[in-house]
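Only one structure is covered here, and it is reproduced in the block below.
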Amino acid sequence: EDILPLENKYKTIAVIGPNADSKDVLLGNYSGTPSEYTTLLRGMQEEAKKRGIEVIYAEGCDLYKKEYKSLCETDLIPEAVIAARKSDIVVLCLGLSPVLEGEEGEEGAVQCDRDDLGLPGRQAELVRAVAREGKPVILILCNGSPLSIPKEEPLADAILEVWYPGEEGGSAVADILFGNYNPSGRLPVTVVKGTEDLPPFDSYDMQGRTYRFLEKEPMYPFGYGLSYTTFEYSDLQVSPKVITPNQKVTVTCKVTNTGKRAGDEVVQLYLRDVVSSLTTYEKNLVGFERLHLKPGETKEVRFMLDRKDMELLNAKNDWVVEPGEFRVMAGASSEDIRLSDKFAVVEYGMNGVWSETGNSKGDAISASTEMQDVGMTLDNDLKTCWQGNKGDYITFALENGAKIDGLSIAWKKENTGEADFEIQLSGGGGQFLTVYSGSVSKFNEWMSYTFKGTTASDLRILLNSDGLGVAEVKINQLKKE
């Protein structure tokens with residue numbers, strides 16, 4: 001049974017914890033003073049009243065004190081246990097506060113730097129004591145930096161990370177708890193299980209830090225977040241599958257809301273440079289998109305990858321895109337990868353081009369599809385060809401400083417219907433301009449095309465019709481191996 005949303009499933013709710021009725025945890029550091037505010041307790045009380053639900057409140061424990069130093073201070077945990085015993089469900093409001101993670105010397109600050117990632121004071125003890133009552137427990141965490149709760153997590157039926165939620169944070173949290181709003185937030189950081197999983201503080205090596213180089217399983221991964229509905233990913237498409245360093249790659253996939261509630265899914269796209277001259281990231285976020293989906297609705301999300309997404313800083317301190325395989329991963333978090341595919345980067349002038357099997361063949365040619373067939377355009381055999389559909393292209397590298405004013409092409413097509421094409425040239429930088437456009441009416445024989453002489457580095461044949469094949473190409477300025 002799903003504990004959340006609460007809706008009207010429970011008649012009595014115990015709201016417990018030092019952050020339940022705290023104004024400080026709403027605003028965090030670097031904030032003004034609002035004229036009005038709603039604490040977590042007040043927000044839940046107001047929403048519960050509308051539904052005829054009783055709310056019992058107990059502070060539970062001090063925010064950070066571990067022991068009592070005067071007779072005026074009393075143990076608050078027994079009162080919290082009694083409140084839990086009288087309720088149908090418990091909402092524990094715990095975490096940090098600006099007084100525990102503020103600036104050095106800031107007025108009211110108790111401490112600034114933290115030497116562990118756990119709950120401060122007796123909060124962990126409070127969780128254990130309340131959980132022993134056997135009631136469902138919802139844990140709400142208020143904090144400005146990550147909290148690691150490996151021992152407390154198993155005792156909670158649901159966890160809501162609200163950070164420092166703002167002056168009306170109590171109303172927002174109540175909306176989520178009672179189902180007025182479907183949560184869709186995602187973690188902007190990686191939460192590790194403890195400081196022992198981090199490199200030494202005085203080490204500036206990135207190994208083991210952040211989701212890009214993490215070595216141990218995290219408490220909660222970067223990008224993680226749940227919803228009151230479910231989503232299914234499908235139909236990942238990567239095009240073209242082979243590019244040169246300045247070309248772009250389009251990535252699309254479909255997302256379907258498979259649950260019963262409308263909700264937002266944050267689709268995240270990660271990239272990995274599989275083999276490189278230097279140690280690079282395990283995965284790197286290169287795009288994300290928020291989709292609002294009704295139950296049963298499907299939408300397509302589209303990402304465009306360019307040179308900057310694939311670059312690395314090499315040993316010479318130059319930003320370069322190295323030839324090789326790149327892995328594309330789409331998912332709901334950095335660890336929850338639903339779909340993956342790959343593409344390759346090739347350099348003009350290399351001896352061969354990349355194929356899906358990793359073999360080298362042909363000359364300095366790349367194509368948007370059917371890379372295994374590109375060598376057939378230079379094999380002196382009119383019976384073989386590279387073939388594509390509308391929008392596909394095949395690109396040939398030219399000699400340095402080449403001035404080109406024409407070429408010959410032998411076309412191939414299953415049916416003899418007319419087909420359209422364009423010839424494009426690039427002077428570098430990945431931008432191609434059309435210098436000739438026309439139609440093909442003759443196949444299996446040589447056709448010559450001329451245009452204004454232009455200095456270019458690459459020549460591209462763009463198909464504007466489906467099922468059109470290039471059997472042979474003659475380019476005098478073709479780059480030699």
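In this text the structure is predicted, and so the values were computed from the model without any measurement.
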Discussion item. Testing the basics here: between Asn257 and Leu293, what is the closest heavy-atom pair and its distance to 0.1 Å?
Written reply: ND2-O, 2.9 Å
Worksheet item: What is the minimum heavy-atom distance between Asn389 and Gly467, and which atoms define it?
Response: OD1-N, 2.9 Å
So, [X] and [Y], do they make that salt bridge, N to O below 4.0 Å?
X: Lys474; Y: Glu472; answer: no
X: Lys50; Y: Glu47; answer: yes
X: Lys254; Y: Asp235; answer: yes
X: Arg186; Y: Glu265; answer: yes
X: Arg327; Y: Glu325; answer: yes
X: Lys390; Y: Asp466; answer: no

Under 6.0 Å from the [atom1] atom of [X], do we count more than 12 heavy atoms belonging to anything else shown?
X: Arg51; atom1: CZ; value: yes
X: Lys299; atom1: NZ; value: yes
X: Glu217; atom1: CD; value: no

I'd like to check [X] versus [Y] (side-chain heavy atoms, cut-off strictly below 4.5 Å). Are they in contact?
X: Leu92; Y: Ile140; value: no
X: Thr258; Y: Phe231; value: no
X: Val301; Y: Thr252; value: no
X: Leu378; Y: Leu478; value: yes
X: Val346; Y: Pro323; value: no
X: Lys479; Y: Leu398; value: no
X: Asp309; Y: Phe303; value: no
X: Thr455; Y: Ile404; value: no

Discussion item. Working note: Val286 + Leu271, criterion side chain to side chain contact (heavy atoms under 4.5 Å, CB included); need CA distance, chi angles, decisive distance, verdict.
Written reply: CA-CA 7 Å; Val286 290; Leu271 187 67; 3.9 Å; yes
Backbone N/O of [Y] and side chain of [X]: donor-acceptor pair under 3.5 Å:
X: Tyr211; Y: Leu285; value: yes
X: Thr377; Y: Val374; value: yes
X: Ser368; Y: Tyr393; value: yes
X: Asn182; Y: Ala262; value: yes

Fill in: Ring centres under 6.0 angstrom apart (Tyr436, Phe451)
no
Practice prompt. Answer yes if the ring centres of Phe421 and Tyr449 are under 6.0 angstrom apart, and no otherwise.
Written response: yes
Look up atom [atom1] in [X] and atom [atom2] in [Y], then write down how far apart they are to the nearest 0.5 Å.
X: Phe432; Y: Leu462; atom1: CZ; atom2: CG; value: 10.5 Å
X: Ile138; Y: Ile13; atom1: CD1; atom2: CD1; value: 7.5 Å
X: Leu177; Y: Glu7; atom1: CG; atom2: CD; value: 12.0 Å
X: Arg261; Y: Ser227; atom1: CZ; atom2: OG; value: 9.0 Å
X: Asp381; Y: Thr384; atom1: CG; atom2: OG1; value: 4.0 Å

Discussion item. Leu26 vs Glu167, test: side chain to side chain contact (heavy atoms under 4.5 Å, CB included). Steps then yes/no.
Written reply: CA-CA 6 Å; Leu26 298 178; Glu167 61 200 65; 5.6 Å; no
Practice prompt. Could you walk me through whether Glu370 and Gln387 pass the side chain to side chain donor-acceptor pair (under 3.5 Å) test, one step at a time?
Written response: CA-CA 7 Å; Glu370 303 299 334; Gln387 183 174 294; over 6 Å; no
Practice prompt. For the pair Thr434 and Gln424, evaluate side chain to side chain donor-acceptor pair (under 3.5 Å) and give the outcome as yes or no after the intermediate values.
Written response: CA-CA 4 Å; Thr434 299; Gln424 300 177 333; 3.2 Å; yes
Worksheet item: side chain to side chain donor-acceptor pair (under 3.5 Å) between Tyr220 and Glu153: does it pass, once the steps are laid out?
Response: CA-CA 11 Å; Tyr220 300 109; Glu153 183 193 48; 2.8 Å; yes
Worksheet item: Given Ser145 and Glu101, is the side chain to side chain contact (heavy atoms under 4.5 Å, CB included) satisfied, shown in steps?
Response: CA-CA 8 Å; Ser145 55; Glu101 49 182 358; 2.4 Å; yes
Practice prompt. Answer with yes or no whether the side chains of Asn180 and Asp175 bring together a donor and an acceptor at under 3.5 Å.
Written response: yes
Item to complete: For side chain to side chain donor-acceptor pair (under 3.5 Å), just list the numbers for Thr369 and Asp392, CA-CA rounded to whole Å, side-chain angles, deciding distance to a tenth of an Å, and then say yes or no.
Response: CA-CA 7 Å; Thr369 186; Asp392 288 327; 4.8 Å; no
